[in-house]
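Working notes, structure below.
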Amino acid sequence: MNLRSSTFFLVLLLALTGCARYVWVKPVGDASTFSADNLACKERSLAAAPPVYQTFVAARPYYYGPEIAHSQCARRGPRGYNCYTYTIGGPGPYMPPQTVDLNAAPRDDLYYACMTAAGWVLERLEE
């Protein structure tokens, strides 16, 4: 297989996997109870794992490697040179504070377990 066909298959694979979405399906029982089950599971998971927000602040800035000074000169006509110096590396800007919900993942797990216990199955839909 040449490079062109392997690239085509890779792009096709990425396109197909990017179009998938997941939906809750109830194989046994009444599927019209989704709204009630969904709301009840969201309320239970929110009550069991309420949001706990924590803000993280970076202790030090990003570091872009050792600071190296470079000088570059260019001829500026018949009488002289035009030189300038610039640096690469060194400390960069500080990372902005990030606020994270510490209970987001456990709340999602509780919601998934509740919906599964109610008879719902999460299935992948291809579009």
Side-chain angles (χ1 to χ4, degrees):
M1 185 166 20
N2 62 16
L3 182 63
R4 177 177 274 180
S5 61
S6 62
T7 304
F8 172 75
F9 285 118
L10 179 64
V11 169
L12 181 65
L13 178 68
L14 290 174
L16 290 177
T17 57
C19 296
R21 66 179 198 159
Y22 292 87
V23 293
W24 288 104
V25 177
K26 193 164 192 177
V28 178
D30 189 12
S32 65
T33 63
F34 175 76
S35 298
D37 291 342
N38 183 33
L39 183 61
C41 288
K42 282 185 178 181
E43 288 175 350
R44 285 184 198 146
S45 62
L46 190 60
V52 176
Y53 295 107
Q54 184 172 2
T55 301
F56 295 98
V57 179
R60 58 188 174 90
Y62 293 125
Y63 186 67
Y64 296 111
E67 189 170 335
I68 301 170
H70 293 278
S71 294
Q72 189 170 1
C73 295
R75 189 157 181 99
R76 186 184 55 142
R79 298 189 186 225
Y81 289 91
N82 191 8
C83 296
Y84 62 94
T85 302
Y86 60 95
T87 58
I88 296 176
Y94 278 90
M95 188 170 147
Q98 294 181 344
T99 303
V100 177
D101 181 6
L102 300 177
N103 278 344
R107 189 170 42 254
D108 290 343
D109 292 342
L110 289 169
Y111 172 76
Y112 182 84
C114 178
M115 289 295 282
T116 304
W120 294 91
V121 178
L122 195 60
E123 287 188 358
R124 181 178 175 162
L125 266 180
E126 296 291 335
E127 291 184 10

Can you name the residues that form a side chain to side chain contact (heavy atoms under 4.5 Å, CB included) with Pro51, not counting sequence neighbours? Leu46, Tyr53, Asp101, Arg107
Transitive ILVMFWY cluster of Leu110 at side-chain heavy atoms under 4.5 Å: who else is in it? none
Minimum heavy-atom distance between Pro50 and Asn103, given as atom pair plus value: O-ND2, 2.7 Å
Those residues at least two apart in sequence (or on a different chain) that pass salt bridge (Lys or Arg N to Asp or Glu O under 4.0 Å) with Lys42 are none
Filter on salt bridge (Lys or Arg N to Asp or Glu O under 4.0 Å), then keep only pairs touching residues 24-35, sequence neighbours left out; what's left? Lys26-Asp37
Search all heavy atoms of Gly119 against all heavy atoms of Pro27 and return the closest pair with its distance. O-CD, 3.6 Å
Considering only Ile, Leu, Val, Met, Phe, Trp and Tyr, and joining two whenever side-chain heavy atoms are under 4.5 Å apart, list the other residues clustered with Tyr112. Tyr22, Trp24, Phe34, Tyr111, Met115, Trp120, Leu122
Partners of Glu123 by side-chain hydrogen bond (donor to acceptor under 3.5 Å, both in side chains), sequence neighbours excluded? none
What pairs with Ser35 under side-chain hydrogen bond (donor to acceptor under 3.5 Å, both in side chains), at least two apart in sequence or on another chain? none
Residues in side chain to side chain contact (heavy atoms under 4.5 Å, CB included) contact with Ala113, at least two apart in sequence or another chain: none
